J.: 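I have a structure I would like to understand better, so I am pasting it below and will then ask my questions one at a time.
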Amino acid sequence: MRVSEHFSERFNVTLQARLRDLRNLAEMVEAFGRMHDFSQRTTFVINLALDELITNVLVHGQFEVDVEPLIEVELAVPDETAILVIVSNDVRFDPTADTNPDTDSDLLSRGIGGLGLHLVKSQASRYSYEYTDGRNRLTLEYDKP
Amino acid sequence: MRVSEHFSERFNVTLQARLRDLRNLAEMVEAFGRMHDFSQRTTFVINLALDELITNVLVHGQFEVDVEPLIEVELAVPDETAILVIVSNDVRFDPTADTNPDTDSDLLSRGIGGLGLHLVKSQASRYSYEYTDGRNRLTLEYDKP
Amino acid sequence: MNQKLQITSEQVGDSLVLVPLDRVDSSVARDFEDFLDARMQEGHTKLIVDFSKLGFISSAGMRVLLINAKKLKPSGGRLVLCKMRAGIREIFSISGFDHIIKICDSREEALAAM
Amino acid sequence: MNQKLQITSEQVGDSLVLVPLDRVDSSVARDFEDFLDARMQEGHTKLIVDFSKLGFISSAGMRVLLINAKKLKPSGGRLVLCKMRAGIREIFSISGFDHIIKICDSREEALAAM
Ligand SMILES: Nc1ncnc2c1ncn2[C@@H]1O[C@H](COP(=O)(O)OP(=O)(O)O)[C@@H](O)[C@H]1O
Ligand SMILES: Nc1ncnc2c1ncn2[C@@H]1O[C@H](COP(=O)(O)OP(=O)(O)O)[C@@H](O)[C@H]1O
């Protein structure tokens, strides 16, 4: 006789980092969001995080020799929280460290860096970062998705 | 220095078996198919397999006490082949055994069972089944997707 | 997106042409059956199902078509299918359904076959 | 589906109203920038971007709007945004962009603000 099994519904995609996949990835997230009755806002901020983080790996990420760029996305709904994990194999970079976005200066003097990560972090209920096995691993949680 | 890493692009969904999720699952497969330039036919036969197999688990599947019905779908493209793996935790059932579909009798005497699995198997380039760790695991391969 | 069955229908002569949209998967096969039953209740006996807007059908939907073709036969009615895309045409042929239900390329052919 | 940027545009008085469809993500931000440049090359200096058909924008797209608002300012031109859904409105506000670029609820308001 089997013991009780418990699992959380999730989906998981492994990709090379390619900008042109962002739209199809977003459509997967939308379909998953419909399965789990995510609000429009939650689906939006999850796709925002994917766009910003994957773009950053492509634009800023550095890779060791012989490493094929890899992005892994996992989205799970263990409970009343959506948990998004983005894994990349570029060299260590902690996006949860302060990037000090410039959100107050005026139109002409304004800098434009650091906005993406600020938005991603501001829209998550909680986030954490770890670097293990040569991989950057950012976890973003969204309550009551 | 890191050794060369190799991975195949894939996507993976864990679900409770629910008929109402078939459409959203199909949309994920379609998005993944667009990422990898699957032909319309390949996307269709993969979604056909998912519909038939998931429906079978719901309609015919038997579950041990305390087992939460689980469906895991993995779709990978390691090379010039799409590999679809469907895992379910209902009691052992081997869909690759002959189900002897009745495709020749005439309209009025015709039976209607056994068609789904026949279609699924006929559209795959190769298929195999194993039962491990209390899970049914059907692998369907599609060449030149 | 929409989890519901969507079908448009159109009377052409004494035939009723049904155009199911997008998907007839196993989650809507029952609704598809109810829909066809209702048309037969209304007295329609010449039905054409135009597949041009259909991207997906599985055996559950095919079975509904087979059952209704059977139901119509004794009363001299008929169910004819048309405008299937290649992948769908193939599963109708592998299942042997094309020996049982008439499948036409065009709607004109289907109307002529009535 | 379509990986391309899609924008419809409409002249209203001396303003050009642009309606981007679906997504302005980082894969099309560059095309969005080129599109706005081309409109400015044509002499348009009063631009309204109507967000009513836009489901998604990320910082790359927002940056393009900011850059173009800056470009238009010296020549007395203007870039005004309108009809954002709540989630998008929120990121414009969190970024502080709403202190820099005028954001209106309706298209009428945007036209009046020109
Ligand atoms: N994967 C990464 N690897 C290295 N540096 C990164 C990575 N992602 C972000 N950064 C650094 O963090 C900064 C802030 O990123 P972000 O907020 O996305 O803004 P932007 O990309 O527009 O500069 C970047 O400018 C870059 O210096
Ligand atoms: N998961 C399952 N568990 C037990 N029996 C199954 C399962 N899937 C299929 N079967 C058996 O195999 C038969 C053939 O399945 P299929 O070809 O899908 O046709 P249908 O479901 O229309 O009968 C079913 O009628 C059922 O008896």
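Quick caveat, the model's predicted, so the values are computed rather than measured.
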J.: So which of C/Asp25, C/Ile91, C/Ile88 has the biggest tally of heavy-atom pairs under 4.5 Å with chain B?
T.: C/Ile91

J.: For C/Phe92 and C/Phe51, take the angle between the two ring planes, folded into 0 to 90°, and tell me which bin it lands in: parallel under 30, tilted 30 to 60, perpendicular over 60.
T.: perpendicular

J.: For the interface with chain B, which of C/Ala86, C/Gly87, C/Ser26 has the highest count of heavy-atom pairs at distances below 4.5 Å?
T.: C/Ser26

J.: Could you check whether B/Arg135 pairs with B/Glu72 (Lys NZ or Arg NE/NH1/NH2 to Asp/Glu carboxylate O, under 4.0 Å)?
T.: no

J.: List the residues meeting side-chain contact (heavy atoms from CB on, under 4.5 Å) with B/Val59, not counting sequence neighbours, and say none if there are none.
T.: B/Thr55

J.: Among B/Asn47, B/Thr42, B/Val120, which residue has the highest count of heavy-atom pairs closer than 4.5 Å to chain C?
T.: B/Asn47

J.: Any salt bridge linking C/Glu33 with C/Arg30? Criterion: basic side-chain nitrogen under 4.0 Å from a carboxylate oxygen.
T.: no

